[in-house]
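One structure is given below, encoded as structure tokens.
Since this is a predicted model, take the numbers as computed values, not measurements. We use all heavy atoms of the structure for the numbers below, so side chains are in, but hydrogens, waters and symmetry mates are not.
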Amino acid sequence: GVLLSAPAFAQAHIRGTLTAAKDGTISVQTAKGETVSIKLANDAGLFLVTKAEMSAIQSGKFVGITSFEQDGKRVAREVHVFDESLRGLAEGHYPWDLESKPNMMTNANISKVEEVGTDRVLVLNYKGGEQTITIPTSATVVAFDKAPADQLAVGRKVFIVMNKDGSEAAAVVIGAEGVKPPM
């Protein structure tokens with residue numbers, strides 16, 4: 001499978017619930033209630049997110065963090081702890097479309113973890129930069145790993161990254177039972 005670059009990872013997204021998966025095509029009901037049929041690219045990446053604890057956030061881990069600015073600091077809304085096999089996935093620091101207010105996605109290596117009260121403060125390094133992000137106890141923490149095709153189960157929440165021309169899915173992030181990919 002192809003490791004998506006940062007700009008690719010930030011292009012068009014579809015969020016919704018899987019209603020069908022057959023012969024390389026999936027159907028998804030979006031939040032607006034419309035059902036869309038999407039062809040999976042031959043090399044589409046399939047990923048599974050499962051609930052994780054704050055303790056999974058450790059120095060040396062490669063993570064993806066969605067954050068917004070608050071009082072001049074970057075504060076995490078959610079943390080994806082990547083499996084080691086996914087190190088380097090969409091590495092960088094770039095705008096993200098999680099909510100109406102501006103937020104950023106930072107995919108980077110944790111070089112340092114400090115505990116400040118109940119919060120964790122992470123120093124993150126990526127090619128060409130460094131960010132310091134506070135992880136409050138309210139942040140969602142998930143583990144992010146490669147998934148086999150049988151994880152495309154009807155009723156699961158999915159987050160789909162479309163390819164450049166929007167014709168096929170380049171990647172599908174699947175929520176494990178009861179987990180919505182927090183992206």
For Leu40 and Ala169, which heavy atoms make the closest approach, and how far apart are they?
CD2-CB, 3.8 Å

Residue pair Met162 / Ile38, side-chain heavy-atom distance below 4.5 Å
yes

Given Val63 and Ile57, is the side-chain contact (heavy atoms from CB on, under 4.5 Å) satisfied, shown in steps?
CA-CA 8 Å; Val63 294; Ile57 301 170; 5.5 Å; no

Evaluate the side-chain proximity of Ile26 to Val158: yes if any heavy-atom separation is below 4.5 Å, no if none is.
no

Under a 4.5 Å cut-off applied to non-hydrogen side-chain atoms, are Leu48 and Arg156 in contact?
yes

Same cluster or not: Leu122 versus Met104, using hydrophobic residues (I, L, V, M, F, W, Y) connected whenever any side-chain heavy atoms lie under 4.5 Å apart?
no

With hydrophobic residues grouped by side-chain heavy-atom distances under 4.5 Å, do Tyr94 and Phe62 end up in a single group?
yes

Are any of the side-chain heavy atoms of Lys146 and Leu86 separated by less than 4.5 Å?
yes

Which residues pass the salt bridge (Lys or Arg N to Asp or Glu O under 4.0 Å) test with Glu53, sequence neighbours left out?
none

Angle between ring planes, Phe144 versus Phe82, binned at 30° and 60°: parallel, tilted or perpendicular?
perpendicular

Validation row: Thr134, Val116 side chains within 4.5 angstrom (heavy atoms):
no

Decide whether Val142 and Val79 are clustered together by the hydrophobic rule: side chain heavy atoms of Ile, Leu, Val, Met, Phe, Trp, Tyr closer than 4.5 Å, transitively.
no

Indicate, with yes or no, if Trp96 and Ile65 share a hydrophobic cluster defined by side-chain heavy-atom contacts under 4.5 Å among Ile, Leu, Val, Met, Phe, Trp and Tyr.
no

Value for CD (Gln29) from NZ (Lys157), rounded to nearest 0.5 Å, stands at 8.5 Å

Is there a path from Val36 to Leu152 through hydrophobic residues (I, L, V, M, F, W, Y) whose side chains come within less than 4.5 Å of each other?
yes

Quick check: closest heavy atoms across Ser59 and Ser111, and the distance to 0.1 Å?
OG-O, 3.4 Å

Min side-chain heavy-atom separation His80-Asn107 under 4.5 Å:
no

Specify the closest pair of heavy atoms between Asn163 and Ser167, including all atoms of both residues, with the distance to one decimal.
OD1-N, 3.0 Å

Just wondering, are more than 12 heavy atoms of other shown residues or ligands nearer than 6.0 Å to CG in Asp150?
yes

Side-chain (Arg120) to main-chain (Val113) donor-acceptor, under 3.5 angstrom:
no

Could you measure the distance from the CG atom of Asn109 to the CG atom of Leu124? Nearest 0.5 Å is fine.
8.0 Å

Would you call Glu84 and Lys61 a salt bridge, taking side-chain N to carboxylate O under 4.0 Å as the test?
no

Rounded distance (nearest 0.5 Å) linking atom CZ of Arg15 with atom OG1 of Thr30:
11.5 Å

I'd like to check Thr50 versus Val179 (side-chain heavy atoms, cut-off strictly below 4.5 Å). Are they in contact?
no

Nearest heavy-atom neighbours spanning Ala171 and Phe47:
CB-CE1, 3.9 Å

Restricting to side chain to side chain contact (heavy atoms under 4.5 Å, CB included), what partner residues turn up for Lys112, sequence neighbours left out?
Glu114, Val123

Minimum heavy-atom separation for Gln70 and Val75, please, with both atom names.
CB-CG2, 3.8 Å

What do the steps show when you test Ser85 against Asp145 for side-chain contact (heavy atoms from CB on, under 4.5 Å), and what is the final call?
CA-CA 8 Å; Ser85 66; Asp145 202 353; 4.2 Å; yes

Distance (rounded to the nearest 0.5 Å) between Ile133 CD1 and Arg77 CZ:
13.0 Å

Sequence neighbours excluded, the answer for side chain to side chain donor-acceptor pair (under 3.5 Å) partners of Glu168 is none

Where is the tightest heavy-atom contact between Ala52 and Ala143, given as atom of each residue plus distance?
CB-N, 3.7 Å

Are the side chains of Met183 and Val173 in contact, using a 4.5 Å heavy-atom criterion?
yes

